[in-house]
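Okay, structure first, notes after.
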Amino acid sequence: MSTAADLDAADPLASYAREFCPGDDLVAYLDGNSLGRPLARTVDSMRHLVEREWGDRLIRGWDELWLARAEELGDRIGAACLGAAAGQTVVGDSTTVMIYKLIRASIAMRPGRSELVILGDEFPTDRFIVEKIADDNGLAVRWVSAPHDGGITPEIAAEHVSERTAAALFSGVAYRSAWWADMPAVTGVVQSHGALMIWDCSHAVGSVPLELDAWGVDMAVGCSYKYLNGGPGAPAWAYVAARYQEQVVNPIPGWLGAREPFAMTQGYEPAMGIRRLVSGTPPIVGMVPLADMLSLIERAGIAAIREKSVELTSFAIELIDELIPDARLASPRDAARRGSHITVDHPNSARAVQTLWGDGVIPDFRHPSGVRIGLSPLSTTFAEVERGVRSLAAALA
Ligand SMILES: *Cc1c(COP(=O)(O)O)cnc(C)c1O
């Protein structure tokens with residue numbers, strides 16, 4: 001087994017970790033998949049926004065800078081992380097609201113269909129929205145189960161998706177197990193029944209390479225405060241394949257998604273293209289940290305990020321096997337099917353995580369007995385993983 005020092009010395013991305021704010025009591029940050037760390041340069045970027053863009057340009061800032069920003073940032077996320085050509089991705093709202101919009105749009109595109117398909121242990125917000133929309137529209141929810149250390153597979157999808165399905169919502173990388181689905185194969189199964197495939201890429205974006213265009217995905221959505229380090233409450237992003245954009249009806253029609261926002265016309269006419277997914281004023285302030293992190297991802301490249309991610313999670317699993325033999329891994333051992341976090345089950349998890357947080361070692365507790373360790377490739381070092389897992393072993397004992 002290589003040592004943390006060997007691995008850090010050989011890491012081509014090692015210098016990136018020094019670009020993040022150090023944190024005053026931080027020993028090991030193992031929760032980069034819940035809230036990514038801030039970049040030091042973002043202090044200057046925020047100052048620039050306040051003093052120069054907002055302070056100097058005032059209302060002129062909208063015409064000069066901000067109106068196009070939701071689409072410009074969307075295109076950058078698309079190019080750097082999603083395998084999406086320009087004009088299909090937009091930034092705004094929270095993931096929750098974006099999921100709502102996409103599911104409402106997709107059931108309107110599949111009239112007469114009676115079911116929505118989702119995993120029973122999907123992230124809460126996804127389940128809540130699917131249940132509510134189904135309830136409001138007289139549809140049924142088809143709850144699907146998957147193994148504790150897994151997630152959606154083409155076989156499981158094939159058992160549940162049918163001619164009754166309007167849309168299926170699955171996670172590209174599962175929030176608890178980190179199961180990275182065979183996204184092109186699952187997409188194929190869902191579409192073979194004429195249903196629409198919506199991927200929640202909250203834990204996938206910025207950690208695994210996505211090829212939404214090449215895989216023929218219909219729609220996708222994701223969070224920006226995890227591996228995109230957009231900060232607390234950073235706006236989400238949504239992707240709608242170009243072929244569907246003229247059919248998508250935004251269930252929250254607002255002035256900035258209208259064809260002529262400043263014409264103040266009677267009646268809503270949607271914008272052509274992805275901007276029709278915008279409702280109200282986009283959160284420009286909240287986009288600043290996200291833009292900074294995208295610069296790093298563009299520089300490093302998602303392929304190198306993925307390579308380091310695999311090494312980080314593999315190293316963590318080796319350490320856990322050695323130091324915490326009574327923990328049960330609840331994530332795939334096969335690195336090819338694993339995102340950038342791992343979950344281990346242990347009866348002492350809740351108490352251990354509480355102690356560790358006080359000591360500057362920060363993993364995540366997942367009810368009822370999981371410790372989730374998120375390893376954000378650009379900000380996490382191998383030495384940090386070793387410090388974190390050693391502390392975890394002591395706290396669990
Ligand atoms: C983090 C996460 C979200 C976040 O939703 P917000 O509304 O942006 O807070 C949604 N879905 C999944 C699967 C997530 O992991």
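Sequence positions, counted from 1, serve as the residue numbers for this chain. Read the numbers this way: they start at 1 and go in the same order the structure lists the ligands and their atoms.
Under 4.0 Å from ligand 1, heavy atoms of T96 appear from its side chain as well as its backbone. Contacts between D126 and ligand 1 below 4.0 angstrom, taking non-hydrogen atoms only, involve the side chain exclusively.
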Worked check of side chain to side chain donor-acceptor pair (under 3.5 Å) between R41 and S295: CA-CA 11 Å; R41 73 174 60 178; S295 306; 4.7 Å; no
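Of all heavy-atom pairs spanning R243 and V217, the tightest one is NH2-O, 3.3 Å. Among all heavy-atom pairs drawn from D345 and G370, the shortest one is OD1-CA, 3.5 Å.
Of the protein's non-hydrogen atoms, the one nearest atom 2 (C) of ligand 1 is K226 NZ, 2.3 Å.
A centroid separation of less than 6.0 Å is found between the aromatic rings of W255 and F262.
Residue contacts with ligand 1: D200 is placed with a nitrogen or oxygen under 3.5 Å of a nitrogen or oxygen of the ligand (distance criterion only). Residue Y225 has at least one N or O atom closer than 3.5 Å to an N or O atom of ligand 1.
Using 4.0 Å as the threshold, M98 has no heavy atom nearer than that to any atom of ligand 1.
A304 is linked by a side-chain contact (heavy atoms from CB on, under 4.5 Å) to L13, counting only residues two or more places apart in sequence or in another chain. For R104, the salt bridge (Lys or Arg N to Asp or Glu O under 4.0 Å) criterion is met by no residue, not counting sequence neighbours.
Listed by number with element, the atoms of ligand 1 under 4.0 angstrom from any heavy atom of T95 are 4 (C), 5 (O), 6 (P), 7 (O), 8 (O), 10 (C).
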